Amino acid sequence: MADLEPVIAVRNVNYYYGAGTLRKQVLNNVSVDIEAGEIVILTGPSGSGKTTLLTLGGALRSVEEGSVRVLGQELNGAGHAALVSVRRNIGFIFQAHNLLGALTASQNVQMSLGLDPTLPPEEARVQCAAMLGAVGLGAHLNHYPEQLSGGQRQRVAIARALVRQPKIVLADEPTAALDKQSGREVVILLQKLAKEQGCAILLVTHDNRILDIADRIMMLEDGRIASFSSGIMEHTGNLLSVFASLQRKGDLVRHVGSLSDKKFLEFLEQVTAEFEQFTRMIELGNQEVVEALFDQMLDAITLKIRDMLEAERATIFLVQRELGILQSKIAHGDGQKPLKITIPLAAGIAGRVARTAETLNIADPYQHPDFNPTVDRETGFLTRHILCMPISDKTSNVFAVVQLVNKKGGSPFSAADEKRFRDFAEPMSAILQAAISLQRRAEPGPLPQRPD
Ligand code: ADP
Ligand code: MG
């Protein structure tokens, strides 16, 4: 089916400005897909080629090397008529001053409909009024741009882009001229209306306060899609693909025991750098985003360990020494709601591992002096085996504890399980530390205790 094809498919695109010795490459082997209905943010430093890429996708600039397909139409080599027809199916929003000052809000929006000769003028006016109503400007139809605030003008621009119900909106720095509050309001409105219409958005921005509206984030650096972007770019909703990508690279992870120290260090640095890049990108005015990110990161790691070691349950506890507790936000699970657990550092199996840094592989917990059977009694669960392991930072401080419960199949956890777990623990430590620092940065000071 044609609708399974991305609405924009960019393949191996190079782009150059200038000629002769001044010729400068600004896009380097860029490949990107925008799927129907998704909201993709393209970010990256000034001069990295974002606008160039956007204008290529919008048929506003000719494709010279590589392929750009928009709504099924190849743009490389396409004639003028084909380019114009592609543009008609795209709504454009630019940073500012892109309304015509001599026209009212309603007339600016009608400009966009005016391209359709089959639409009676009266019908066009009705559609424009409805669209302006949808962006909250029903009372401003006859205002001129100079009578509107910056935020209101961008709402007119949104109405103009969406009134023809395009399959694609391309937006270049739409919040650049707006203050924080109105910038956010404008993109949230854009997001809502686009989702209602099933319209895909490619939005170029520097504005890291709006990244959370995206289904997916990509980054350009020096004309290239930045290394972590292909997989790690995924935003909150898709964070598992971060881990998918780490897993790929991290076939390394599985072989980590056989890596030389140097190679291993490189791996850790790479992962940590990627997380740092990610944190910098979301540079956090947005607490909820970070929380969600963090939870999903832990969740993904936990699931991975559980499956790897064929355990029924896995929990990662974070050690809060200053509070004398271990905390887990995600103890699962069988697809059920994550639990929040707070347990004392001074008692129990996990507490002991956190205090002593020793691994506990317990074949019969009911015989173990540190095992607390209360939870089993309250929930009807039967703990048969426990494998509990410390995760330390570089200074050998145990900052997390992983606890696996009940090996599937009946026999207890083996020495081989411990070893696999240990191989995985080191790279995991780097990732967890990055995750924690990411969370701490968003929420300075120790985590508040959440009594459960
Ligand atoms: P961004 O939108 O990420 O800031 P651009 O795509 O506008 O980046 O620009 C990428 C690079 O191409 C920059 O170095 C910029 O100076 C250069 N550039 C952009 N437009 C032109 C142009 N019309 N002629 C020559 N160089 C250009
Ligand atoms: Mg630009």
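Bear in mind the structure is a predicted one, so any value in this text is a computation, not a measurement. Just so you know, ligand 1 is whichever comes first in the structure, and atom 1 is the first atom listed for that ligand.
- Residue contact check for ligand 1: S48 places a non-hydrogen atom closer than 4.0 Å to it.
- Close approach of ligand 1 to P45 (heavy-atom distance below 4.0 Å) involves ligand atoms 3 (O).
- At the top of the distance list for atom 7 (O) of ligand 1, counting protein heavy atoms only, stands T51 CB, 3.7 Å.
- The N/O atoms of K24, backbone and side chain alike, include one that comes under 3.5 Å of an N/O atom in ligand 1.
- Of the protein's non-hydrogen atoms, the one nearest atom 23 (N) of ligand 1 is Y17 CE2, 3.8 Å.
- Residue contacts with ligand 1 do not include G18, since none of its heavy atoms lies under 4.0 Å from the ligand.
- The closest donor-acceptor contact from the side chain of E74 to the backbone of N76 lies under 3.5 Å.
- Backbone or side-chain N, O or S atoms of T51 reach the Mg ion (ligand 2) at under 2.8 Å.
- In this structure, a donor-acceptor pair under 3.5 Å is present between the side chains of D172 and T51.
- Salt-bridge annotation for R422 and D417: absent, with no side-chain N of the basic residue lying under 4.0 Å from a carboxylate O of the acidic one.
- Rounded to the nearest 0.5 Å, atoms CG (L99) and CE (M111) are 10.0 Å apart.
- When only modelled atom types and interatomic distance are considered, T395 and D393 share a side-chain donor-acceptor pair under 3.5 Å.
- Polar contact with ligand 1: absent for V26 (N/O pair, distance under 3.5 Å).
- Within the 4.0 Å cut-off (strictly below), no protein heavy atom is located near atom 15 (C) of ligand 1.
- Only one option out of K24, Q25, R61 pairs with Y15 in a side-chain hydrogen bond (donor to acceptor under 3.5 Å, both in side chains); it is R61.
- Sparse packing is recorded around CZ of R224, with 12 or fewer heavy atoms of other residues, nucleotides or ligands lying under 6.0 Å away.
- The nearest heavy-atom contact from the protein to atom 8 (O) of ligand 1 is G49 N, 3.2 Å.
- By the 4.0 Å N-to-carboxylate-O rule, R69 lies too far from D33 to be salt-bridged with it.
- Those atoms of ligand 1 with a heavy atom of T52 less than 4.0 angstrom away are 5 (P), 6 (O), 9 (O).
- Distance from atom 4 (O) of ligand 1 to its nearest protein heavy atom, with residue and atom name: G47 N, 2.7 Å.
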